[in-house]
Amino acid sequence: MTDAEALKRDAAAKALTFVEDGMRLGLGTGSTAKHFVDLLAERVRGGLRVIGVPTSEVTRKQAESLGVPLTTLDETPELDLTIDGADEIDPDLNLIKGGGGALLREKIVAAASGRMIVIADQSKMVDALGRFPLPIEVNMFGLAATRRAIETVLAKAGCSGPISVRTKADGHVFVTDGGHMILDAACARIPDAAGLASRLHSVPGVVEHGLFIGLATFAIIASPGGAEIVGRVGH
Ligand SMILES: O=C(CO)[C@H](O)[C@H](O)COP(=O)(O)O
């Protein structure tokens, strides 16, 4: 395992200490969340009773193959705890998510959870969000018009870098689990993440965006010195 993967696994292992018997869990998506599901499955094999809602088809397949019992938000609309990764984490624990394209389900699941623990290595901590291109999930209908409206909103919010349609390694357009496309907006720095989050929601055609404002309860950040709990600055 590379050093980076070992750090992700350290964060995932610490998050597992917050999981209690009987919990209803949101299971995140991405390479860090994958470690968590692996470790959770070991505990399940050892007798831990939990039930999980996966945030993507990838996570669903992983959890299913490892024998982690799964449910849906339709059957279980309230969850105790979601554990998920992030692409960027600011000092107020606002996040950019969606690098893996699962932001819509990730946000629905996090919002249905009493608590959300973000797990990451130290490279994800930033002073201000925006260096990681902001994923914006859009309906395929009217793409050009939606894109222009998003450009206007971004420019008014002081973030007017280029926007690109996400593609896969084979060059084909990336399609989300919900059947939508993703626009990645290179913002460089987002001066007011909460303001931009609500303005983006006002654009018809925007299904969801990767700004997670006020959803994280705390973060577990792994560095070579160990995995530490990070709360909101001032809390
Ligand atoms: O938001 C996500 C997927 O949509 C991931 O949590 C995010 O991209 C972090 O992934 P990784 O743990 O692989 O760095």
Side-chain angles (χ1 to χ4, degrees), residues 1-16 25-40 52-63 81-90 93-113 115-126 129-138 164 166-169 174-187 190 193 197 200 206-223 227 230:
M1 195 184 295
T2 63
D3 289 353
E5 289 305 308
L7 291 182
K8 293 175 193 178
R9 202 165 179 92
D10 285 351
K14 185 148 184 144
L16 196 57
L25 299 174
L27 305 176
T29 295
S31 56
T32 317
K34 182 171 184 292
H35 284 295
F36 176 80
V37 175
D38 282 340
L39 295 169
L40 179 69
V53 174
T55 53
S56 64
E57 290 306 304
V58 169
T59 299
R60 184 180 62 73
K61 286 184 188 125
Q62 183 202 0
L81 175 64
T82 286
I83 293 101
D84 203 349
D87 300 299
E88 283 188 346
I89 306 165
D90 81 4
L93 300 190
N94 294 323
L95 317 171
I96 287 183
K97 283 184 54 56
L103 61 140
L104 175 60
R105 293 188 187 184
E106 289 173 333
K107 198 179 279 189
I108 293 170
V109 168
S113 298
R115 290 189 298 166
M116 178 193 193
I117 301 177
V118 181
I119 50 176
D121 64 79
Q122 60 188 358
S123 69
K124 305 293 183 65
M125 295 296 294
V126 296
L129 299 176
R131 196 158 41 89
F132 190 91
L134 177 64
I136 304 170
E137 185 160 346
V138 295
S164 52
R166 189 177 298 185
T167 53
K168 297 186 287 187
F174 177 92
V175 178
T176 67
D177 285 341
H180 309 121
M181 292 166 68
I182 291 191
L183 299 176
D184 289 304
C187 295
I190 300 173
L200 282 171
V206 169
V207 179
E208 195 45 88
H209 56 72
L211 288 167
F212 282 48
I213 309 295
L215 282 168
T217 310
F218 60 86
I220 297 176
I221 304 299
S223 68
V230 175

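Along the sequence shown, the residues carry numbers beginning at 1. Read the numbers this way: they start at 1 and go in the same order the structure lists the ligands and their atoms. All figures in this text were calculated on a predicted structure; none of them were measured in a lab.
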Residues in contact with ligand 1, criterion: heavy atom under 4.0 Å: Thr29, Gly30, Ser31, Thr32, Asp84, Gly85, Ala86, Asp87, Lys97, Gly98, Gly99, Gly100, Gly101, Ala102, Glu106, Lys124
Whether over 12 other heavy atoms sit under 6.0 Å from Lys34 NZ: no
Of His209, Glu106, Glu88, the residue whose pairing with Lys97 passes side-chain hydrogen bond (donor to acceptor under 3.5 Å, both in side chains): Glu106
Tabulate below the donor-acceptor pairs under 3.5 Å that side-chain atoms of residues 1-9 make, not counting sequence neighbours, or state none.
unit_1: Thr2; atom_1: OG1; unit_2: Glu5; atom_2: N; d: 3.1
unit_1: Glu5; atom_1: OE1; unit_2: His35; atom_2: NE2; d: 2.8
unit_1: Glu5; atom_1: OE2; unit_2: Lys8; atom_2: NZ; d: 3.0
unit_1: Lys8; atom_1: NZ; unit_2: Ser31; atom_2: OG; d: 2.8
unit_1: Arg9; atom_1: NH1; unit_2: His35; atom_2: ND1; d: 3.0

Single hit among Thr176, Thr29, Val109, Leu104 for side chain to side chain contact (heavy atoms under 4.5 Å, CB included) with Ser56: Thr29
Candidates Asp84, Thr217, Thr82, Leu81 - the one meeting side chain to side chain contact (heavy atoms under 4.5 Å, CB included) with Ile117: Leu81
Ion pair check, Arg105 and Glu57, cut-off under 4.0 Å: yes
